[in-house]
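To find a chain, count down the sequence lines: A is the first, B the second, and so on, and within it residues start at 1.
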Number of protein chains: 2
Amino acid sequence: MSEPGTPCSRKRCLGKEYSCSMELSLAVIGGKWKPLIVWHLRDIAAMRFSALRRTMPAITQKMLTQQLRELEADGLLTRTVFAEVPPRVEYALTDLGRGIVPILESLCRFGREFEARFGVEDADAPTATAAVR
Amino acid sequence: MSEPGTPCSRKRCLGKEYSCSMELSLAVIGGKWKPLIVWHLRDIAAMRFSALRRTMPAITQKMLTQQLRELEADGLLTRTVFAEVPPRVEYALTDLGRGIVPILESLCRFGREFEARFGVEDADAPTATAAVR
DNA sequence: CAGGTAGGTTTCCAAAAGGATACTACACAA
DNA sequence: TTGTGTAGTATCCTTTTGGAAACCTACCTG
């Protein structure tokens, strides 16, 4: 990228403003849900809306719809509507979308390294650490 | 991680709640500034506060301080205060912090791939694409 | 004594992200 | 006729994140 001390220039791609390619990537796959969505689609041909909801019980319908549309607009996945009743809509990763799976795997590894270093607890299990906070 | 269709369980590490290691990583290095800070420190022994500010002109003092403290609390960097006047404080990546540099490099590569696919413009340069929005 | 310098903190505020709830359309089943 | 399932919208609200501006400290220089 740039030499230490040199600021980057502002750029724009698909409506996202950023100063370096890394920021752009974070705009594309960052946020609370997008990495999870891509992760769940990573080695499956396609998945329908309701199946995705079941794998992510904490997401609301609105958020899932919204995130899926953004991922589609950014070319990371395809959305296929079947003209059936009840409705059927299937989502599948594109090649571009599959390109970020290795990054998510690295993130997973780092997360586990982090857990190994600092320890993990079960949430909702009040422990010494939780009590201190 | 889990089989398709199986939700993950809630965990906690260093006060952060998450459902899978990937989410934990994003809690640690996600956000608008942290990746940039780590990036600027990536191949330099140490850097002082004012130098970091110069490389990231858009960040405010408050945000830089806050993000640096969080990165320190998560063990990604060290903060060294020199008892001098005017004050001098230096920040340096730890081994743990250096561990995420390869991930940031992957993000950079993906970002460039994304740019290549969809095209980049200079921000503040009103173009056809900008006019359409 | 005024002004500058480095690295902050504090207060207040705006914007963005995320979420709860209610509503829709359509076909079919009981 | 009422209910069920799917994939949504629409509205309103709360929480989180980010930011602007002022203030602070401790010393040094002119």
Between Glu23(A) (side chain) and Ser19(A) (backbone), is there a donor-acceptor pair under 3.5 Å? yes

Show the numbers, then the answer: is there a side chain to side chain contact (heavy atoms under 4.5 Å, CB included) between Ile37(A) and Tyr91(A)? CA-CA 10 Å; Ile37(A) 293 173; Tyr91(A) 297 90; over 6 Å; no

Tell me the interatomic distance from Leu26(B), atom CG, to dT17(D), atom P, rounded to whole angstroms. 13 Å

Could you check whether any side-chain heavy atom of Leu64(B) comes within less than 4.5 Å of a side-chain heavy atom of Thr60(B), counting everything from C-beta outward? no

Taking only residues two or more places apart in sequence, or in another chain, which ones meet Gln66(A) in a side chain to side chain donor-acceptor pair (under 3.5 Å)? none

Under 3.5 Å, N/O pairs linking protein and nucleotides 4-6 of chain D:
{"from": "dT6(D)", "atom 1": "O3'", "to": "Arg48(A)", "atom 2": "NH2", "distance (Å)": "3.1"}
{"from": "dT6(D)", "atom 1": "O3'", "to": "Pro87(A)", "atom 2": "O", "distance (Å)": "2.8"}

Protein-to-nucleotide contact annotation, 5' to 3' order, nucleotides 13-20 of chain C [B base; S sugar-phosphate only; - none; under 4.0 Å, heavy atom]: -----SBB

Within residues 69-82 of chain A, find the residues that approach DNA chain D with a heavy atom at under 4.0 Å, and present them sorted by residue number. Arg69(A), Arg79(A)

Salt bridge present between Lys11(A) and Glu121(B) (N-O < 4.0 angstrom): no

What residues, two or more places apart in sequence or in another chain, satisfy side-chain contact (heavy atoms from CB on, under 4.5 Å) together with Arg88(B)? Arg48(B), Phe82(B), Glu84(B), Glu90(B)

Between Leu36(B) and Ile44(B), is there shared hydrophobic-cluster membership here, with clusters defined by ILVMFWY side-chain heavy atoms closer than 4.5 Å? yes

Under 4.0 Å: is that the gap between some side-chain N or O of Tyr91(A) and OP1 or OP2 of dA7(D)? no

With side-chain contact (heavy atoms from CB on, under 4.5 Å) as the test, pick out the partner of Leu107(B) among Leu24(A), Val28(A), Ile103(A). Ile103(A)

If I take atom CD in residue Glu90(A) and atom P in nucleotide dA7(D), what distance separates them, rounded to the nearest angstrom? 9 Å

Whole-Å distance separating the CD atom of Gln61(A) from the P atom of dT21(C): 14 Å

Return the set of residues passing side-chain contact (heavy atoms from CB on, under 4.5 Å) with Ala92(A) (not counting sequence neighbours), or none when no residue passes. Ala46(A), Thr78(A)

Does Leu104(B) form a side chain to side chain contact (heavy atoms under 4.5 Å, CB included) with Arg42(B)? I'd like the steps, not just the answer. CA-CA 10 Å; Leu104(B) 297 183; Arg42(B) 77 190 181 290; over 6 Å; no

